[in-house]
Amino acid sequence: MSELASGSSVAQAPAAPTAVGSVGLNIGIFLVFVAITLFFVYRASRTNKTASDYYAAGRAFTGPQNGVAIAGDYLSAASFLGIAGAIALNGYDGFLYSIGFLVAWLVALLLVAELLRNTGKYTMGDVLAFRMRQRPVRAAAATSTLVVSFFYLLAQMAGAGGLIALLLQIPTTNQLGQGVVIAVVGILMIFYVLVGGMKGTTYVQIIKAVLLIVGAAVMTAWVLGMFGFNLSDLLGRAVENSPRGEAVLAPGLQYTNPVDFVSLGLALVLGTAGLPHILMRFYTVPTAKEARRSVVWAIWLIGLFYLFTLVLGYGAAALLPEGTITSTTQNNAAPLLAYYLGGEALLGIISAVAFATILAVVAGLTITASASFAHDVYANVIKHGQASPDAEVRVARTTAVVIGVVAIAGGIIANGQNIAFLVALAFAVAASANLPTILYSLFWKRFNTTGALFSIYGGLAICIVLIVFSPAVSGKPVNPATGRSASMIQGVDFHWFPLDNPGLVSIPASFLLGIIGTYVGRRRGAEDEARYAEMEVRSLTGAGAEKAIAH
Amino acid sequence: MSSTGERSTGTVYEEVQASPEFAQLRSRLRRFVFPMSAAFLAWYLLYVVLASYAPGFMAISVFGNINVGLLIGLLQFVSTFTITTVYVRFANKHIDPAAKELRERIEGAE
């Protein structure tokens with residue numbers, strides 16, 4: 001997409017995003033957010049006693065609370081800054097992304113959330129292990145959880161650089177300064193997770209989601225108000241002001257290969273219900289009905305938010321001076337629009353919220369990955385289910401520190417790298433390695449351990465191999481304007497897979513592997529029948545489901 | 001399965017699984033969620049394919065600067081919100097009471 005971008009916006013000096021706003025004010029607003037969240041994290045820590053508290057917040061959140069927290073988890077910096085920026089630069093194609101992200105929630109609502117809540121305890125592995133052989137299935141579930149979380153986490157951290165440049169006016173060329181900021185944010189995140197556990201992390205998500213959605217709503221109303229609440233006039237102004245003219249209203253500017261877009265679309269719509277940090281949120285409510293309410297709240301909030309980003313993206317294209325939004329500054333479209341509308345104060349609020357977004361999403365990913373390692377790998381694979389809950393939580397906390405350190409190191413290395421495709425990849429892995437196994441274990445009686453292992457490891461391996469040999473990693477043509485290729489690795493070309501996103505191949509392959517593995521594996525015995533009966537009845541009725549803890 | 005909380009012998013679950021009430025609950029849920037999932041996935045994939053292969057169609061103006069693509073895109077939002085609302089009504093009315101009854105029967109037997 002970047003070759004397209006700079007191809008048509010010739011020789012415009014982009015307004016330097018670092019030149020606007022007040023650093024003091026930005027930091028001040030961010031510190032207020034940190035202070036408020038720390039208060040809630042501290043309060044949460046006082047009731048953080050058992051494993052259920054640490055992993056699942058004692059299952060004591062209400063559906064609406066959890067729904068807001070899900071929105072907080074899901075509306076990452078990529079979806080706020082990324083989508084608004086993509087719409088500002090490429091128009092309609094940015095909107096396509098948000099639709100996939102939203103429709104995906106119907107998979108979670110109709111097929112996954114409630115049944116998962118009724119059958120599991122803390123992790124995705126719990127659901128798979130219910131009627132399969134514990135150790136191999138949990139090891140597989142933990143592997144794919146860690147891979148998805150790692151890709152997702154790295155993509156979040158890589159975006160931090162642009163925000164630091166905007167918020168603190170430390171340019172991306174100052175690698176040391178940026179590294180220090182990333183480290184401070186990472187340490188803060190580790191602190192949240194260790195002290196607050198899932199409850200503290202959930203409060204951080206809730207506060208962040210409210211700020212983000214309210215901030216976006218205010219800006220949306222403001223932009224629409226400037227055009228007399230006439231969307232058509234806003235779009236008309238965006239067309240006049242954009243170097244691409246009419247083309248911003250129709251698809252085709254960002255995604256030039258139609259097969260690639262279909263592949264991405266499939267990964268987006270099927271990935272959400274397989275994202276481990278989203279699945280884990282369903283365990284923080286007391287019942288399946290509350291899990292359903294969570295998803296309903298999340299769908300409304302996320303849907304409204306994406307409608308806001310549509311207005312904000314076209315608003316940035318319409319209002320900011322022509323040439324402000326280029327492929328290098330597109331992620332700053334929303335903050336720059338905030339500055340245009342409300343000056344330093346609004347810029348400070350919006351960039352502090354965007355920064356808080358990275359912090360909150362990374363915290364959610366860290367707690368999920370640490371739970372999966374401690375609960376699936378340590379307690380059940382290594383200790384054969386004999387670990388005490390205290391030891392398990394201790395391992396989870398240690399793992400959280402390790403993951404936090406990896407996130408900081410990865411963030412510093414990945415900072416400024418072209419790894420935006422990692423979010424799409426995380427969705428592709430979630431859709432291929434996780435979703436087929438979850439659906440088969442919930443709905444298909446004959447499904448067995450071999451099927452699960454084929455589907456998880458097969459889906460994972462196919463995804464990773466295809467991405468390594470895709471044009472996202474190597475072999476895209478060098479853009480004459482910048483002298484760089486749009487691929488991650490410069491100067492070599494070892495790609496043979498034609499698509500950026502592997503979903504179109506890996507998702508059907510993984511569904512198929514689940515079926516093949518099931519028929520290769522051993523036939524079902526009487527014990528399997530009994531386990532399937534228990535799982536099916538529990539999943540639909542909620543009998544024997546994990547209860548909430550009252551403090 | 002030491003890690004998945006209390007776990008009974010399984011007999012009560014097999015008994016419930018074999019009951020007509022449970023079969024009815026399961027088929028009622030599946031008859032709703034499977035066709036609905038197929039429908040929204042087909043509608044979404046139609047949208048993606050149109051956007052990928054028929055950008056000219058999507059660019060046709062309907063009124064002012066609002067074109068077919070924007071309208072279909074916004075309709076995806078409308079259909080998502082509608083399906084959500086319809087499902088919640090369905091589940092509250094047809095799933096929850098039956099699930100509650102069976103749950104109480106199982107928990108009473110334990």
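No hydrogens, no waters, no symmetry mates; every other heavy atom, side chains included, goes into these values. Each chain gets a letter, A, B and so on, in the order the sequences are listed, and its residues count up from 1.
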In terms of ring plane angle, is the pair A/Trp300 and B/Phe81 parallel, tilted or perpendicular, where the classes change at 30° and 60°? parallel
Are any side-chain N or O atoms of B/Tyr44 and backbone N or O atoms of A/Gly265, one a donor and one an acceptor, separated by less than 3.5 Å? yes
So which of A/Ala238, A/Gly100, A/Ala250, A/Pro258 has the largest heavy-atom pair count under 4.5 angstrom toward chain B? A/Pro258
Could you tell me the separation between the CG atom of B/Leu75 and the CD1 atom of A/Ile99, rounded to the nearest 0.5 Å? 9.5 Å
Atom CD of B/Glu101: over 12 foreign heavy atoms under 6.0 Å: no
Verdict with supporting geometry, B/Asn92 and A/Arg292, side-chain contact (heavy atoms from CB on, under 4.5 Å): CA-CA 10 Å; B/Asn92 286 345; A/Arg292 181 193 308 149; 2.9 Å; yes
Looking only at A/Met535, A/Arg293, A/Glu246, A/Glu114, most heavy-atom pairs under 4.5 Å shared with chain B are made by A/Glu114
By a 4.5 Å heavy-atom criterion (distance strictly below it), what part of A/Tyr92 contacts chain B: side chain, backbone, both, or neither? side chain
Report the C-alpha separation of B/Leu74 and A/Leu307 in whole Å, then their side-chain angles, then the decisive distance to 0.1 Å, and conclude whether the side-chain contact (heavy atoms from CB on, under 4.5 Å) test is met. CA-CA 9 Å; B/Leu74 292 174; A/Leu307 291 174; 3.6 Å; yes
Check each atom of A/Leu264 against the heavy atoms of chain B and say whether the ones under 4.5 Å are side chain, backbone, both or neither. neither
Measuring only between side-chain heavy atoms, which start at C-beta, is A/Trp105 closer than 4.5 Å to B/Thr80? no
Which atoms of A/Leu109 are under 4.5 Å from chain B, going by heavy atoms: the side chain, the backbone, both sets, or neither? both
Taking B/Glu107 for its side chain and A/Gly544 for its backbone only, find out whether a donor-acceptor pair lies under 3.5 Å. yes
With chain B, which of A/Asp93, A/Val296, A/Asp233 has the greatest number of heavy-atom pairs at distances under 4.5 Å? A/Val296
Closest heavy-atom pair and its distance - B/Ile106, A/Ala543: CD1-CB, 3.7 Å
For the pair B/Asp96 (side chain) and A/Lys289 (backbone), establish whether a donor and an acceptor sit closer than 3.5 Å, ignoring hydrogens and angles. no
Sort out for me which of B/Leu41, B/Leu45, B/Leu70 touches chain A most, counting heavy-atom pairs under 4.5 Å. B/Leu70
